[in-house]
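These notes concern the structure reproduced below.
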Number of protein chains: 2
Amino acid sequence: MTITLRIPDIDADDLPLEEQAYRRLRQALMEGIFSPGDKLSIRRIAEALGTSPMPARTALRRLATEQALDALPSGTVLVPRLTRAAFREVSAIRAELEPLAIRLAATRVDARKLDALTAVVAEHDAARAAGRPEVYLQKDREFLFGLYREADAPMLLSMIEALWLRRGPLFWDARWILMGRPPQAAHRHELMLAALRRGAGEEAAQELKTEIERMTAFLIDAVQFEGEASAAPRPIRRRQSAAR
Amino acid sequence: MTITLRIPDIDADDLPLEEQAYRRLRQALMEGIFSPGDKLSIRRIAEALGTSPMPARTALRRLATEQALDALPSGTVLVPRLTRAAFREVSAIRAELEPLAIRLAATRVDARKLDALTAVVAEHDAARAAGRPEVYLQKDREFLFGLYREADAPMLLSMIEALWLRRGPLFWDARWILMGRPPQAAHRHELMLAALRRGAGEEAAQELKTEIERMTAFLIDAVQFEGEASAAPRPIRRRQSAAR
DNA sequence: ACACGGCAAATGTGATCACAAAGATCGGAC
DNA sequence: GTCCGATCTTTGTGATCACATTTGCCGTGT
C-alpha cells in the first residue's frame, strides 16, 4: 500500500475521535479508497486520519469485529479479498436478511417516504445513464437503506451494514461491470416500490431476494475472485479519482 | 453492580490478552455472570480479569460493536436489557439466519457428526430431567452450533453468535422457565436430526424455524421485558451459584 | 529462477498517564 | 418528601511509550 490515503471527512466534529475514525473508515471502505488485500496499519491510518494511533486502533478493531476487515493472527488488519465461496456466503445472508428488513419496513413505511425513494430511483437511473458509477452505487445504497431504516430494527440494520461493508471494496472494483447491466436487469426497485404502495410487503421482499440472487449469479461469472488463476485480464483494481 | 465478578477462565494462554479478555467476557455473557442492565466499567472489568485496562477496553468495545453489549453515547457499556420489540427483532433474525445455516450444513454434514450430535441431544434431555438448567442451555448451544459449524460459513456463524450473545443474559435469567417446558415443546432437535439423516436439509431448517418461532411466542408471554410495568412479580434476576 | 538466513524497520499489544466529562453524593431550600 | 446546585469521585478517551513479534529487504547459494 504505497498510495497516499485520502480518507473522507465526515460532518461529526462533536463525536469522539474514535467514532469519527470509525465512520470515516466505513465510508472509505464503501467508496473505493481501499482495495481488496490492502494492509491497514494502525500508524499509517492514524496519520491519514490526523489523529494519534489510539482512535485508529479502536476503529480498526471494531471494523474487524464486524468483519468489514479481516484480522490475521498476527493482528495485522486487511481489507477483505473475497473468495468465490465467501462472496456466495455474503450474498446468501443478504438474501435472507434484506428481504426480512423489507417485510418489516412494509408495515411502517408511509407514502411520503415512498415518494422520496421514487426520486432516488430516478437519480439512480440517471447516474447510470450519465456513466457515473460512484453515484450509481451510492444511490443504490441510499434507496435500499432508506427502506431498511423504516424497519426500525436496529440490530438487523447493523448486520446488513456489516454485510455491505464486507463486500464494499469488491463492489467498488466491479462498479463499471455492475453499472453496465441493462436497467431492467440491474435492479427491481420500481417493482418493489409498486408492491409497497399496494401494501404487499411479501412481494416487495421477494423482488429484492430475486434481485440479490441474480446480481450474485451475474457477478460470480464476471468477477475475478481471490485464489483463482487469472484466466482473463484482471479487472481494474486501482482507484480512479472519485467522480463525486 | 456491587457483586464480585467471577469471570470464567479459558484455556487460551497463548493468545493476546485482549483476545482472552474478549472470549472470557463472551462466555460470561452466556453464563449469567452479568445481568441485563449491568454497567461494565473498563477498570472494574480489567480488575476482574487481572489485566491492565487496555485489553478490557478493547474487548468491551468489540462486544459493543457486535451488539453483545450496549454502548451509551457517553461511552458507558451496559449489558443489554431487551425490550419486547428488541427480543422480537433478535428472534426474527434468528429465524432467518439459523435455518440458512442448517440448509448449508445439510449439504456437508456426515453421519459421524450426526451421531455425535445425537449424543448431545441425549445429554440435553438428561440435563432437563436432572433439573440442571445451566447444562440444559449449554447442551442446546452445543447441539445447534455443532450443526452451524458444519455450514462452513464463517460470517454467518459470527452473526449467529452475536445474536446469541445479545440475548444471552435474558435467556440465562429465563433458564428455569425455558427448561420447564415439556420436552416435545422445548425443541425439535430429534426431528432435525432425522431430517438431516434423510438428506432433507430444507425440512430440518423448517423444524428449526418452527422451534425458534414457538420459543419466541412462549417467552413473549413468560418474561418481564424492559420498560414494561410489573404486573407480576419480577422473575429472579440475581445470580445463583453456577451449577457447573 | 527460488530458498534461506540475517538484519533492520515496522508493527501490534499492553501499560500508563492526563484530562475532560459523566456520574454519584451531599447539603440546603421548598 | 422532592428538587437543585455544588462538590467529589469515577469514568472513558486520547496520547504516549516500551517491547516482543512480525514483516520486509538484501545478500548469498543452488
Side-chain angles (χ1 to χ4, degrees), chain A residues 1-5 7 9-10 12-26 34-35 37-81 229, chain B residues 1-5 7 9-10 12-26 34 37-81:
Chain A
M1 192 168 81
T2 57
I3 297 165
T4 302
L5 296 177
I7 298 181
D9 270 327
I10 56 167
D13 290 348
D14 52 326
L15 293 176
L17 290 182
E18 131 191 349
E19 180 68 26
Q20 292 183 45
Y22 175 65
R23 294 186 185 191
R24 288 176 70 188
L25 287 174
R26 281 165 71 106
F34 306 122
S35 291
D38 282 352
K39 186 186 303 184
L40 307 187
S41 95
I42 292 168
R43 290 177 169 110
R44 196 178 288 114
I45 294 292
E47 184 181 338
L49 291 168
T51 68
S52 80
M54 269 314 298
R57 178 170 157 180
T58 306
L60 289 173
R61 186 53 43 82
R62 285 169 71 183
L63 288 163
T65 298
E66 65 185 338
Q67 321 236 12
L69 298 175
D70 285 339
L72 303 183
S74 63
T76 298
V77 172
L78 303 176
V79 176
R81 276 193 216 261
Chain B
M1 190 169 80
T2 58
I3 298 170
T4 303
L5 296 177
I7 298 180
D9 271 325
I10 55 168
D13 290 349
D14 52 326
L15 294 176
L17 290 182
E18 127 190 350
E19 181 68 25
Q20 294 184 42
Y22 175 65
R23 293 185 184 193
R24 289 177 67 188
L25 288 174
R26 281 166 70 105
F34 307 123
D38 283 353
K39 186 186 299 184
L40 308 187
S41 95
I42 294 167
R43 289 177 169 111
R44 196 179 288 115
I45 295 291
E47 185 181 338
L49 292 169
T51 68
S52 81
M54 268 316 299
R57 178 171 158 180
T58 305
L60 288 173
R61 187 50 44 83
R62 285 169 71 182
L63 288 163
T65 298
E66 66 184 341
Q67 318 234 18
L69 298 175
D70 284 339
L72 302 183
S74 63
T76 298
V77 172
L78 302 177
V79 175
R81 276 193 216 261

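We name chains A, B, ... by the order of the sequence lines, and we start the count at 1 in each one.
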Polar side-chain atom of B:Arg24 near backbone of B:Ile7 as donor-acceptor pair, under 3.5 Å | yes
Pairs under 3.5 Å (N/O, protein and nucleotides 21-25 of chain D):
from, atom 1, to, atom 2, distance (Å)
D:dT23, OP1, A:Ser74, OG, 3.3
D:dT23, O3', A:Lys39, NZ, 3.2
D:dG24, OP1, A:Lys39, NZ, 2.6

Between A:Pro53 and B:Leu60, whichever has its closest DNA chain D nucleotide further toward 5' is B:Leu60
Notebook entry, point to check: Would you say D:dT11 has OP1 or OP2 under 4.0 Å from some side-chain N or O of B:Arg44?
Noted result: yes
Note: A:Pro55 and A:Ala21 closest approach over all heavy atoms is O-CB, 4.0 Å
Applying side-chain hydrogen bond (donor to acceptor under 3.5 Å, both in side chains) to B:Arg23 and not counting sequence neighbours gives B:Glu19
_Is the shortest side-chain heavy-atom distance between B:Leu78 and B:Leu40 below 4.5 Å?_
no
- Message: Between the base of D:dG14 and the side chain of B:Arg57, is one N or O donor paired with an acceptor at under 3.5 angstrom?
- Response: yes
To the nearest angstrom, the CD-P distance between B:Glu19 and C:dG12 comes to 16 Å
B:Leu17 atom CG is separated from D:dC19 atom P, nearest whole Å, by 17 Å
- Task: Look at the side chain of B:Thr76 and the backbone N and O of B:Leu72, then say whether any donor-acceptor pair between them is shorter than 3.5 Å.
- Result: no
Here the distance between atom P of C:dA21 and atom CG of A:Asp14, to the nearest Å, is 12 Å
Could you please spell out the steps behind the salt bridge (Lys or Arg N to Asp or Glu O under 4.0 Å) verdict for B:Arg26 and B:Glu66? CA-CA 11 Å; B:Arg26 281 166 70 105; B:Glu66 66 184 341; 3.2 Å; yes
Next on the checklist: Is it the case that the base of C:dG12 and the side chain of A:Arg43 share a donor-acceptor contact (distance under 3.5 Å, atom types as modelled)?
Outcome noted: yes
Check: Can you find a heavy atom in the side chain of B:Leu69 that is under 4.5 Å from one in the side chain of B:Val79?
Finding: yes
Taken to the nearest whole Å, CG/B:Leu78 to P/C:dA22 is 15 Å
Here the distance between atom P of C:dA10 and atom CD of A:Glu47, to the nearest Å, is 12 Å
From CG of B:Leu15 across to P of C:dG14 the rounded distance in Å is 10 Å
Rounded to whole Å, the CD1-P distance (B:Ile42 to C:dG14) equals 14 Å
When every non-hydrogen atom of B:Asp14 is compared with those of B:Gln20, the smallest separation belongs to N-NE2, 4.5 Å
Between CE of A:Met54 and C1' of C:dG12 the distance, given in whole Å, is 12 Å
Rounded to 10°, the angle between the first-five-pair and last-five-pair axes of the helix from C:dA1-D:dT30 to C:dC30-D:dG1 is 40°
The nucleotide from C:dG12, D:dG14, C:dA15 with an atom nearest the side chain of A:Ser52 is D:dG14
Between the side chain of B:Ser41 and the main-chain N/O of B:Arg44, is any donor-acceptor distance below 3.5 Å? yes
